[in-house]
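Quick notes on the structure that follows.
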Amino acid sequence: MKFSTSAMALVASAAASRAASVTFWTLDNVERTLYFTPNPESSAIEPVTVNNQQNSTVQFPDTWVGNWYAVQSGANNVPGMLGEVQFGGWNGLTYFDVSAIVDPNDHDNVKQMWPAVAQTPMSGCEVFPCNNVYWLPDDVQTKTTTETDLWTTLGSGSTGMAFA
Ligand SMILES: *[C@@H]1O[C@H](CO)[C@@H](O)[C@H](O)[C@H]1NC(C)=O
C-alpha cells in the first residue's frame, strides 16, 4: 500500500513537471492584459496583466489548445494579433504561431513566439506587417516544436536575438 501511494506521487509529479508554459516578455513600457481563449475542450485561464518589470510565465495544462491576445491598459478589450498554441498535439508536439487572422492591423501587442531552449522556429516579427505570421485558414505558417515551454514578446522593441 505504501509502495503504491509513492508510485502514484511519482507519476503525479512527473505529469506536473511536464506542464506547458508561455513566458511573456514585454519590450516596451506599456502595461498589457493578456486574455486567453481556450478551445471548447480546454480549460479557462484567467487574464494576466504584464509589463516590463518582469517576464511573466503562465502555466498551461499539458494538452491546452487556444489563443491569447494583449490589450494595452486603458484600451478597449478587443481581440487583435493572436498567439495561438496547441500543447500536446499530434505526435506530442507543440504547434504554435502568431496569427494576424483577426486583426492584422494590431501591430503593437503580440509580436513573436519561439520555443524556450532551441529558440527556433520563430513565428511573428519585430515589425509588422511581415510574412512570418499566420494570415489565412489554409496558411502553412504554423510552427512545431518538441518543447513545451514557449516565449512570446509584446510591444515595440527588439529582443536582440538572432533567430535561425
Ligand atoms: C526577460 O528575459 C529576457 C531574455 O532572457 C531578458 O533579456 C530580459 O532582461 C528579461 N526581463 C526582465 C525584466 O527580467
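As the structure lists them, so they are numbered: ligands from 1, and atoms in each ligand from 1.
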Nearest-contact summary for atom 9 (O) of ligand 1 - protein heavy atom, Å: N55 ND2, 4.9 Å

If the cut-off is 4.0 Å to any non-hydrogen atom of Q54, which atoms of ligand 1 fall inside it? 13 (C)

Considering heavy atoms of the protein only, find what lies nearest to atom 13 (C) of ligand 1 and give residue, atom and distance to 0.1 Å. N52 O, 3.4 Å

Residues that D103 engages under salt bridge (charged side-chain N to carboxylate O under 4.0 Å, His left out), provided they are two or more places apart: none

Can you see whether N67 engages E84 through a side-chain donor-acceptor pair at a distance of less than 3.5 angstrom? no

Would you say the side-chain atoms of T49 and T33 include a donor-acceptor pair closer than 3.5 Å? yes

What protein heavy atom lies closest to atom 6 (C) of ligand 1? Include the residue and the distance to one decimal. W25 CZ2, 4.0 Å

Looking only at side-chain N and O atoms, does R32 offer a donor or acceptor that is under 3.5 Å from a partner on N109? yes

Need the ligand 1 atom indices (1-based, order shown) with element for anything under 4.0 Å from a heavy-atom of Q53. 13 (C)

Give a yes or no on whether N131 atom CG has more than 12 heavy-atom contacts from other residues, nucleotides or ligands under 6.0 Å away. no

Under a 4.0 angstrom heavy-atom cut-off, which atoms of ligand 1 come close to W151? 2 (O)

